[in-house]
Amino acid sequence: QLQREAEASGLIYEYFLGRLKETSVQEGIQQADSRVLSPAAVPIDASEPRKPIILALCAILGLMLGAGGMLLREMLQVGFRTTDELEAATGLAVMGQIPRIQARRRDDVLKHLLEKPTSAAAEAVRNLRTSILLSDLDNPPKVILVTSSVPSEGKTTSAIALAQNFAGLGKRVLLIEGDLRRRVYDQYFNLQSQKGLLSVVSGDIEFAEAVQRSDLMSVDIIIAEKSNANPADVFSSIRFREFINRAREQYDIVIIDTPPVLVVPDARVLAQVSDVVMYAVAWDRTSRHQVSEGLKQFETGSRRVTGLILGQIDPKGMRRYGYSDRYGAYSSYGKGYFEA
């Protein structure tokens with residue numbers, strides 16, 4: 001009996017010994033090979049991503065892209081931004097620099113010149129007028145022609161502003177709308193009669209009947225009329241030369257606003273009866289090719305352009321490109337002399 005009990009106890013002992021070994025092996029497998037030496041400290045800033053480095057790289061990349069864009073824009077520039085560029089490209093003197101007049105309608109341009117006689121635009125027109133008068137002191141010009149390369153370059157605004165400025169000197173001024181195809185003077189002036197240049201040249205009415213007075217700026221105006229006749233042929237006629245001679249006798253200054261020279265030949269024909277030919281160039285818009293081609297058109301007609309007008313200058317654009325300090329009218333030190 002004792003032996004049986006001893007055998008039973010041995011079996012139980014072996015069973016529990018086997019279980020103990022299995023448990024020890026399992027504990028050894030689950031136990032980690034590392035141990036905590038000290039608790040980790042909570043970081044104040046993130047270690048990744050490194051924002052200062054990323055921001056610095058972005059700033060450098062942005063500067064490189066911006067510089068590349070500016071260089072590309074300068075390479076693609078087709079217009080003129082300074083008088084030095086225009087004079088170097090054409091060999092002619094820039095006799096006037098007229099800023100852009102902010103106006104929604106065409107008649108607002110005239111109102112601006114009349115209501116703000118000391119504005120930068122008005123002073124620029126005075127400088128242009130002075131340059132024209134000083135261009136030939138021995139033979140002061142009487143017939144002034146204003147043209148441009150293509151439409152919308154400010155030639156009509158320059159012609160009207162010149163007429164208003166000469167009238168301010170007490171001179172008798174006649175403003176002729178020489179663009180028979182694109183008639184726009186009814187948008188500037190409140191004129192009643194529809195008879196004008198062609199009616200006088202054709203003999204339908206007398207010279208005095210075609211003249212309309214603009215009380216707003218004390219200038220006489222002869223408008224253009226629609227006709228089936230070719231304007232270049234009309235301007236080449238003897239009757240038209242007689243008309244200009246009549247205007248010379250009755251007025252101190254005659255200003256002819258002509259169509260663009262690259263569109264129609266009218267300006268080249270009218271230049272033959274003019275004393276001064278002013279060529280308008282839109283700031284940073286009229287291409288170098290257009291200007292050179294337009295000037296060649298006059299040279300082939302044995303009539304050289306007297307001077308250039310750099311018009312529609314954007315003062316903000318001048319400052320943006322860093323040119324404002326070259327011209328008093330558009331710089332910070334010129335603000336005390338001009339109205340806004």
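Atoms considered below: every heavy atom in the structure, side chains included; atoms not considered: hydrogens, waters and symmetry mates.
In the displayed structure, Asn190 atom CG is contacted under 6.0 Å by at most 12 heavy atoms of other residues, nucleotides or ligands. The environment of CD in Glu206 is sparse: at most 12 heavy-atom neighbours from other residues, nucleotides or ligands sit within 6.0 Å. Enclosure of atom CG in Leu17 by more than 12 non-hydrogen atoms of other residues, nucleotides or ligands within 6.0 angstrom is indicated. Heavy-atom contacts from other residues, nucleotides or ligands closer than 6.0 Å to CD of Gln3 number 12 or fewer.
Taking both residues in full, the closest heavy atoms of Pro259 and Ala267 are given as O-CB, 3.7 Å, listed atom of the first, atom of the second, then distance. In this structure, Leu191 and Ile221 approach most closely via the heavy-atom pair CD1-CG2, 4.2 Å. Contact record, Arg81 with Trp283: O-NE1, 2.9 Å, taken as the closest heavy-atom pair. Looking at every heavy atom in both residues, Thr286 comes nearest to Phe80 through O-CD1, 4.0 Å. For the residue pair Ala122 and Pro117, the shortest heavy atom distance occurs at CB-O, 3.3 Å. Across all non-hydrogen atoms, the minimal contact from Gly196 to Ala210 is O-CB, 3.9 Å.
Using modelled atom types, one finds no donor on one side chain facing an acceptor on the other under 3.5 Å when comparing Thr82 with Asp84. Judged by distance alone, the side chains of Arg241 and Ser236 never bring a donor and an acceptor atom under 3.5 Å apart. Side chain to side chain, Arg100 and Gln312 fail the donor-acceptor criterion of an N or O pair below 3.5 Å.
Among residues at least two apart or in separate chains, salt bridge (Lys or Arg N to Asp or Glu O under 4.0 Å) pairs with a member in residues 153-162 are Lys155-Asp257.
Grouping the Ile, Leu, Val, Met, Phe, Trp and Tyr side chains by contacts below 4.5 angstrom, directly or via other members, places Leu145 with Val234. In the hydrophobic clustering of this structure, Val211 groups with Leu180; members are Ile, Leu, Val, Met, Phe, Trp, Tyr whose side-chain heavy atoms approach within less than 4.5 Å, directly or through other members. Leu175 and Val109 are members of different hydrophobic clusters when ILVMFWY side chains are connected at heavy-atom separations under 4.5 Å. There is a path of hydrophobic side-chain contacts, each under 4.5 Å, that joins Leu295 to Leu262. When hydrophobic clusters are built by joining Ile, Leu, Val, Met, Phe, Trp and Tyr residues whose side-chain heavy atoms come closer than 4.5 Å, directly or via intermediates, Leu162 is not grouped with Leu113.
Scored by the ring pair (Phe, Tyr, Trp, His ring centres under 6.0 Å) test, Tyr185 finds Phe189 as partners (sequence neighbours excluded).
Counting heavy atoms from C-beta on, the side chains of Met217 and Ile160 come closer than 4.5 Å. Residues Val200 and Ile205 meet the side-chain proximity criterion, which asks for heavy atoms closer than 4.5 Å. Between Phe240 and Leu270 the shortest side-chain heavy-atom distance falls below 4.5 Å. At a threshold of 4.5 Å between non-hydrogen side-chain atoms, the residues Leu169 and Arg129 count as touching. Side-chain contact check for Gln212 versus Asp220: every heavy-atom pair is 4.5 Å or farther apart. With contacts defined as side-chain heavy-atom distances shorter than 4.5 Å, the pair Leu174/Ile222 qualifies. Between Val173 and Asp252, every side-chain heavy-atom pair lies at or beyond the 4.5 Å cut-off. Using a 4.5 Å heavy-atom threshold, the side chains of Phe166 and Val219 count as separate.
The main-chain N or O of Leu110 is never found under 3.5 Å from a side-chain atom of Gln164 such that the two would form a donor-acceptor pair. Side-chain atoms of Thr306 do not come within 3.5 Å of backbone N or O of Val276 as any donor-acceptor pair. Listed for the Gln290 side chain is a donor-acceptor partner under 3.5 Å among the backbone atoms of Ser287. Between the side chain of Thr300 and the backbone N or O of Gln297 there is at least one donor-acceptor pair closer than 3.5 Å. Not a single donor-acceptor pair under 3.5 Å links the side chain of Gln97 to the backbone N or O of Ala124. Remark: side-chain polar atoms of Thr90 are not paired, donor with acceptor, to backbone N or O of Ser292 under 3.5 angstrom. Under the 3.5 Å distance criterion, the side-chain polar atoms of Ser135 are matched with a main-chain donor or acceptor of Ile132.
Salt bridge status for Glu299 with Arg304: present, with a side-chain N to carboxylate O gap under 4.0 Å. Using a cut-off of 4.0 Å between Lys/Arg side-chain N and Asp/Glu carboxylate O, Glu7 and Arg4 are scored as not salt-bridged. In this structure, Asp266 pairs ionically with Arg181, as a charged nitrogen and a carboxylate oxygen lie closer than 4.0 Å. Using a cut-off of 4.0 Å between Lys/Arg side-chain N and Asp/Glu carboxylate O, Arg19 and Glu22 are scored as salt-bridged. Between Lys142 and Asp275 there is no salt bridge, since none of the side-chain N atoms of the basic residue sits less than 4.0 Å from a carboxylate O of the acidic one.
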Using the rule given for side chain to side chain donor-acceptor pair (under 3.5 Å), can you reason through Ser199 versus Glu225, listing the C-alpha separation, both sets of side-chain angles and the distance that settles it, and then say yes or no? CA-CA 8 Å; Ser199 297; Glu225 299 172 82; 2.8 Å; yes

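Relative ring orientation between Phe298 and Tyr279 is described as perpendicular, the plane-to-plane angle rising above 60° on a 0-90° scale split at 30° and 60°.
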